[in-house]
Each structure stands twice: as structure tokens, then as C-alpha cells.
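Atoms within a ligand are numbered from 1 in the order they appear, just like the ligands themselves. The chain is numbered in sequence order, starting from 1.
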Amino acid sequence: MSITTKNIIVEKAETSKIDQIDFDNLAFGSVFTDHMLVCDYKNGAWETPKIVPYQSITLDPSSKIFHYGQSIFEGMKAYKDENEDVFLFRPLDNCKRLNISAKRMAIPELPEEHFMDGLITLLQLDEAFIPKKSGSSLYIRPFVFASGKGFHASPADEYKFIIACAPSGSYFSGKVKVLIEETYSRSANGGVGYAKAGGNYAGQFYPTQLAVDKGYSQVIWTDDTDHEYIEEAGAMNIFIRIGDTLITGPTSDRILDGITRKSILEIAKDQGISTEVRKISVTEVVEAAKNGSLKEMFGAGTAAVISPIATFGHQGTDYDLPELENDYAGKLKKIITDIQYNKAKDPYGWRFKVSK
Ligand SMILES: *Cc1c(COP(=O)(O)O)cnc(C)c1O
């Protein structure tokens, strides 16, 4: 059956996979919903988005994505509350950021209504896949890549925008041990670190593997010039608490403008927590660890929300963070997830209801 709503063409799956999903044992991002959104860019314009049964895609071997890595993505979630109403969190910010990434990678920008109407229609169709269990959610992966053909190293003339969704359990990794990176860099001035461009993550895998071989689970990225300023934690923004002040680096070419990061900054201020957005050096953090004023370090991003760090390694020495009873990480995570799951008032207007 093919119906059209809000300028979205919908081709429904004939059978559902929902019975095959074990909602009590969901891993992260490894099983998918019945449908996906596909929107093609051809002849200089984005065409009408289509929702089709979730399926593999066929590409020409010369498609530019394979050779030049022209691809970008977003990461977001849909949450169900106790009444089974469905919510997104600041979705327009994801749409805006996708277009910031698109511009940097010479990918044509996507109309906001294709993104929002497509996403909402897809969520309404696959609503049964959004887990009900608190802490679980539907992970949403919008992405755009160069499907156009040709070995010439230039922007493609055709692109595909796809949204695929994966019901996911809570992303709790436990407290992690991280290594401050001193050789490799994630990003550089004038580079693409602020974009969610596919190759940024491929470039992180090898240094991360080296850190894993040494017994760490993640890398703390530092500036590409001297490896002296702390920038991000894996694919998350990073917060450092010294004394009672919560510090994070300023966004830049090298530090991605995370939606979780900016939400945490606003919530922390409203909670009376002193915050500072400034460069923070490795020396300052090591000194604070030595004199006992370093209280917390945590990563911040959509997948894990807040991921507390237990230990960091630097130049062969491991520094443990204290176990705190009333940590900022736990407090801030509760406030932000209560807003996301419609368990608390949302004075910020961040929650976005996906109406039925
Ligand atoms: C996606 C991402 C983040 C977190 O952004 P959110 O909008 O909070 O999910 C931080 N750093 C990097 C490098 C990222 O790719």
C-alpha cells in the first residue's frame, strides 16, 4: 500500500519484525525497525522523501562515498513516557547540525521539513519499536552520503539521505578508564572536527585500539598542536569538575557542538553549579588530581547522556577519581533524562512531542 502524508511517500512493510525483537535484552544499535526513510538528491534538488521497508541498498562501485568519504550523520533518540507518548529531544538542533556538517563536506543542505516530517512520519509508523522500559529508547541515525558515480575527486552529483532506527537498551558502560592522547589527533584547526563527518570516526579507531591494548577503554583527545589542552572524550564532549566548578572546553573547529553539552551547561547553571567554558590544560587536571581538587570527569553525548570517568592515564601514570556520593554527573543525568522521558517539567522547551 502506498499513501502520501505531508509530502512523504509511504510504502509499508508487508510483515513486521517486531516479534523477533527481545526488548528485555537490547544491545546498542544492532536491531532495526520495520521501515526507513530514504530521500534522494538528483538533478540539483532533494526529491520527495519515501518511507520504505527496511532493506539493503545497492550502490555503484564508483559511488563517491566509497572513495572520498563524503558522508555525514546525526545521532538522536525517541523516548516513550508512561502513557506511551513519544518524545524527541531538541530535534531541530540535530537538523541544523546535519546541515552545518553538510556544508563543510560540500553536501547539499537538506530542507528542514524533509528531515522533520520524514522523521515524525517514520516514528509514527514504527512506534511499536520504541522501548517502554525507562532508560531504553529508539536510537535514530539520520545520515547523508554521496551516491553519485565517478572516480573524479570532486563532490558527487547525487546523494542519499536515510533515517534508520534501532531500539536500544540503556547505554551504561560503567565507570571508564581513559587515556590522555599525546600522539594522535581527532581534529585540527581548519579541519572537520566540528562536523559529524564519517571519516572523523574512522580516524579515531586506530588510536583507540592502541589505548584499548594498554587497558583503557577510551581516548581523551587533546589539541593537535601540543596535546596540552583537553578537548573531547572519544566521540563525546568532556566535562571536568575541579573543586565545585564544572569546566568544559569552548566549541571550535576541533570541538563538536554537542546538544548534550549545551543542555548540561544550562541545567548546571540553573542548579546553581558554577560553570566555566574555557580551555583546560592537561597540566591543570594532573595538578588537580595530585592536590585532591579534581572531583569528577565525565563524557557527554546522546548515546550515554553522561558517562563518568573513573581513572585517567597520562604519561604512564594512572590517576583515580574519587567516589562521590552526590556527584554532579548523577544529578545532571537525572535532570536531563527526566526531561527526555517526560517525568519532569521542561522549563526549557526542549522536549518535542511526536503527536499520534
Ligand atoms: C555526536 C558527538 C558529540 C555529542 O553530541 P550530542 O549532540 O550531545 O550527541 C560530541 N563529540 C563528538 C565528536 C560527536 O561526534
**Q.** Aromatic plane relationship, Y54 with F32 - under 30° parallel, 30 to 60° tilted, over 60° perpendicular
**A.** parallel

Q) Do the rings of F129 and F23 sit parallel, tilted or perpendicular, given the 30° and 60° boundaries? A) tilted

Q: Among R90, R141, R97, K196, find the one that has a salt bridge (Lys or Arg N to Asp or Glu O under 4.0 Å) with E74.
A: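 By the salt bridge (Lys or Arg N to Asp or Glu O under 4.0 Å) criterion, E74 pairs with just one of R90, R141, R97, K196: R97.
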
Q: Applying salt bridge (Lys or Arg N to Asp or Glu O under 4.0 Å) between K353 and each of D85, D81, D346, report the one that passes.
A: D85

Q. Heavy-atom count around E82 CD within 6.0 Å, excluding the residue itself: above 12?
A.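 12 or below, so no.
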
Just the distances, no angles: every ligand 1 N or O to protein N or O pair closer than 3.5 Å, one line each.
| residue | atom | partner | partner atom | Å |
| --- | --- | --- | --- | --- |
| ligand 1 | 7 (O) | R97 | NH1 | 2.8 |
| ligand 1 | 7 (O) | R97 | NH2 | 3.0 |
| ligand 1 | 7 (O) | I259 | N | 2.8 |
| ligand 1 | 8 (O) | I259 | N | 3.3 |
| ligand 1 | 8 (O) | T260 | N | 2.9 |
| ligand 1 | 8 (O) | T260 | OG1 | 2.6 |
| ligand 1 | 9 (O) | T302 | N | 2.9 |
| ligand 1 | 9 (O) | T302 | OG1 | 2.6 |
| ligand 1 | 11 (N) | E232 | OE1 | 2.6 |
| ligand 1 | 11 (N) | A235 | O | 3.4 |
| ligand 1 | 15 (O) | K196 | NZ | 2.8 |
| ligand 1 | 15 (O) | Y201 | OH | 2.4 |

Q | Matching residue for S263 among I335, L332, D93, I336 - test: side chain to side chain contact (heavy atoms under 4.5 Å, CB included) | A | I336

